[in-house]
Structures are given as C-alpha cells and as structure tokens.
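Contents: one structure, followed by commentary.
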Amino acid sequence: MDYRDYIDILKKEDLLIEIDEEVSWNLEAMCITSMNHRVENGQTSHIFNNVKGYKGKARLFGAAFASPKKRCWERANIIFGLPRDAPWHTFRHEFLERFKHPLKPIVVEAGDAPCKEHVVMGKDANLFDFPWPFLHQSDGGRYGTFQTHIIEDPDTGWVNWGNYRMMIVSKNRMTGLVVPLQHGPGIFYNKYEARNTPAPFCYVVGGDPIINFAAGTTLPSGVCEADYAGGFRQEPLKVVRAETNNLYVPADAEIVIEGVMMPHERLDEGPQGEYTGYVHGRAPMPVYHVHCITYRKNPIIPYAIGGCTYGDEQSLSHAMSPVEVYRNLREFGFPVKDVRFLTECLWDGLIISTEIPYEGYVYDLAAFIESHKIALWGNQRIIVDADVDISDEDTMERVYQEMGTRIDPKRSIIRTDNDVFATPLTPLLNAEARKKGIGQADLTWNCTTPFSWKKGDKISPVEMKNLFAENVREKAQKMYSNL
Amino acid sequence: MSERYEIFEGWIEKFQDQINSGQEVTVTVKDLENVGKVAVRAKISKTADDLEKAVPLRVVSDMSVRREPMFIQIFEELDELAAIETS
C-alpha cells in the first residue's frame, strides 16, 4: 500500500473529499482542515488537487489519519488492512501479533522505484517547487509535519525512522525541532557533531502510510521502524538507495529530500502550533542542507494541523502507543487489562486498567511508567480497576466517572517530584526548563479499589448491562431506532 | 505598495547604526510570497525616498507584527543563509 492506494481506499469508504477549487498553501487549505477537525470531528480527509501555484505539480492531503475521537484506531484499522469498524481489541490483537514478526526491507533497483521518477540535484534542488503548507499564522515558516526523517547512528549502524517536523527555511535549507533523547535528530546528530562531521539524512514524504504509524510508535531503542512497518504490513517494505548517501528510502515515497545536517550550525526554528494545543516558541536548531530531491509525478504532501483539539497526531499516537505500553507492561508481569489515552488531553493522560495483585502495586506500576519512554511525552496517568472497560467508544466518559467518584485525596494522588525529562513542547514548564528539557514532576491518579477492602466495600456502577437484561435492551434498541 | 518582505526586530536593532547611516547590510529576510528566508545584500531605511527601488519591509517581534514604516532595497540574494544567521 502506498499513499495513492490509501487514498483510493478512503474514497471507497466515503472518507475522502477531493477539492478541485483553487486553494492556497498559505493558511487556506489548513484552515479548512482545522475546521474539519474542530467541527466535523475530523473524520473526513481532504485532497487538494488545485493548490495555488502548483496545479498539476503537487497536491496537499489534509486530515490524512484523522479518526473519530471515540474510535481513535479507525484509520489504523484501515491501514492495517482490518475492517474499518473492527473493535479496539481486534486492532490491539493484530498489533501485538504482527509486532512479533518484524521484516527487514528488501532493496529494489532505482528503475523500479516510483520515488525516482524525477531526480533533481545540487543547485537545481528547490524546496519551493513543492506546496509545503504554512499551517498557522503564528508559525515561523512553512512546515513538513507527517514526514519521515531517516538517519544512521555513526557508531552502530542503527537507522532511525521518525516522524519529525521540519521548517522550510529557504530553497535549500531546512531546520527542525530536536527533542533531547529522540534518537535521530537528537542523539545521532550529537554524535556526528562531536566528531565535527556532517550527518547524512533523508526526509521522506509518503511511502506506505504504515510507516508513519510505525515511526510514531514508542518502539524500543536499537530497532529500526522500517522493520516493524514491514511486520505490521506483513510483507517487507521495498526500499531504494538514496542518490547522494548510503541511506535507503521507501521506493514508493512521494518525495525524498536528501542532504546533510552540518555540525555546529543553527538556525531559528519555530514558532509552531503543536499537538499540545499551544504555540511552541522559536529556538536555534540544527540546519539541514539539501543536496538532492527525488519525487513522483504530482506528489502528495500530507500535513498535520497541530493543536486542533483532536486531529491526525492524536489518532496516530492514541492508536499505537497505548498498545506498545500494554505490551511492555505485560512483558514485565504487570496484570494490566488495557491501556488507552485520555483523548481530551491530546497526548497526556495515559489510562491503565489493571488487576491489583498486592498492597502497594499501584506504586510499582506508576514507577514503571515513569521510567518508560512514553513518560517523555506526558506526565500524568490514570489507573482504574480491571472491571472498568476502557475499550469501547464511551471509554472517556467512564474514566471521568471513575475520576469523579473514586479519587480519595488521602491515597489517590501519587506524585513524583524528581525533575524528570520533558520535551521543549511541554506547556507546564517555563522557557528555561523547556530549553533544558527537564523539570516536570510525574502524577498518577489512583482510581482503583484499595487492596485492603473487603467484599461488599465496593459498590457497582449503574450501567446498561446491569440495569436491563439483554433481551430487553435488544427490543428497546429496535424500538428506539424507529422513533 | 504591499509588504513583500519581513524581518525580525532583533536584526533591525543589530544593524541600527548601519541602517541609520544608509550603509549596505547583509541580512536574512523572510520572503512573504514564498514564506521562506533568503539572505540578501540590501539597504534598509525608514523612508522609501532614501532607496532607488524600495519595497515595503514588515518588522515583527516573535509572533507580533509591528507596523514599522521600513523599506528595503535588495541588491542581490546570497547563498550564505546559515552563516549570516549564526553570526
């Protein structure tokens, strides 16, 4: 599956609107997508076929991965090849099974790689040949958002594929946000810079959309997202060698930008309206020198509108990351039943439903999560009993009910005051702390039943399945649908 | 005349003496048509009369726009963006 196949599937599912009216890359298309997220729950994707100045040359793809808020895994279902309406546990099961079998990519020749349909080198490579969107009025420049950054660890050969934002500075320069502890543009680039050596990179638009999902998952260190993308797809990705370096890129990518990150160079990056719902400010970041651009005919550029209450980024991360956390917890023996994200918190508020096997278990669980990579992106989690179903479409209402009725201020608030790592995007930190990437505390809301309680101490919630027998519910549903 | 270029307030302050005395400066400006940066050799002035081919220059401070009556005459574009930004 490439982006074009994915778009065909969305058309068949009635989830895509094609817009042939001229629209500008400068805020206009983005405003439409933003309205889509805020008003229509972001369920419909947009293909803009007539971008001002680029008609017939390139297209914009808005709300590419946006799922309904109550079913954040719906687009993941489609991309995984599952029925669109498959329930959460079906998607989770497929993720876990396919995760066991990563598949290394296979290399194809340039003649078999659609991404090599056009090859532009050196001074002819011009980023402004493509309609990179100007997403928000307050942004520092035009941005690539749902693109894959590829870079190799100079010590180990481990290649990282990650979703990182990139600001277009000029026709042949980019700069991008670097978050400490991120593998590619953070840890790997620091190694090159310490050696005063340019770092080769590729910045990829498109390919199999499952790459975006794999790259957006909190995978362990030392593994390549391309292998897991192949595992999730259940067939290896096809890759082709870049023109100007030894990295390999998806053969069916829409656009591939190649170049080097120079050591000891910085340009101002940002501001940018981000997934946190806030405008992240400007800061000096590494510089990407562009040496070559290869692309398909009439390429498609997807984009994410950060900060629109609930959008593509949440759909992607809320589908993939909780399953990875669930897998880690079960692997280490924690009897958790399910893991989800609180959708209104955008990317914070991890919810864990779990058995409570011993006194003090919740403290051990909280400590494990605080040391997990997921904690880099959010400092709050909510732990609920195993009998709280957080898998269905009404998960969030149920979690709020638990928080409203089971938080005992004497025992329910677990706070860790160590200055833990945070990202420069963390709104609750001041500018200095955001720059250092450290300083937030961790917070766990313990909504579970105390281990010491006796039978009868916990009272049952009022739920449809408790109130009415199944045959009564079935008859009522039929009558209700005809009202 | 509509604004075509934009510059950060901090850069104006950095080159204030040169600008006041009518000297050439080498700066980066944002080309608002492309929304991208370009390094230029230019003259900047508060009045269009001081420049032969004046183009309006928008001055911004982070996310806010200051409607300064500034103008720019661009002599040539340069390919030394990063060097200028970091100097």
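We use all heavy atoms of the structure for the numbers below, so side chains are in, but hydrogens, waters and symmetry mates are not.
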Original post:
Near B/E76 CD, under 6.0 Å, is it more than 12 heavy atoms from other residues, nucleotides or ligands?
Top reply: yes

Subject >> Closest non-hydrogen atom pair, A/N26 against B/L32 >> reply: ND2-O, 4.4 Å

Original post:
Is it the case that more than 12 heavy atoms not belonging to A/Q137 sit under 6.0 Å from its CD atom?
Top reply: no

Original post:
So does B/E77 have more than 12 non-hydrogen atoms from other groups sitting under 6.0 Å from CD?
Top reply: no

Subject >> Heavy-atom closest contact (A/S170 atom, B/K37 atom, distance) >> reply: CB-O, 3.0 Å

Original post:
Is there a side-chain contact between A/K171 and B/V38 (heavy atoms, below 4.5 Å)?
Top reply: no

Original post:
Minimum heavy-atom separation for B/V35 to A/F128, with atom names?
Top reply: O-CE2, 4.5 Å

**OP:** Quick one: pull up CG in A/N126 and CG in B/N34 and give me the separation to the nearest 0.5 Å.
**Re:** 8.0 Å

Subject >> Proximity breakdown for A/W132 and chain B, heavy-atom pairs closer than 4.5 Å >> reply: neither

Original post:
Quick one: what part of A/N172 sits under 4.5 Å from any heavy atom of chain B, side chain, backbone, both or neither?
Top reply: side chain

Subject >> Counterpart residues, ring pair (Phe, Tyr, Trp, His ring centres under 6.0 Å), relative to A/Y303 (two or more places apart) >> reply: none

Original post:
With sequence neighbours excluded, what pairs up with A/H149 under the ring pair (Phe, Tyr, Trp, His ring centres under 6.0 Å) test?
Top reply: A/Y164, A/Y288

Original post:
Heavy-atom distance under 4.5 Å to chain A: side chain of B/E33, backbone, both or neither?
Top reply: backbone

Original post:
Within a radius of less than 6.0 Å around NZ of A/K191, do more than 12 heavy atoms belonging to other residues, nucleotides or ligands occur?
Top reply: yes

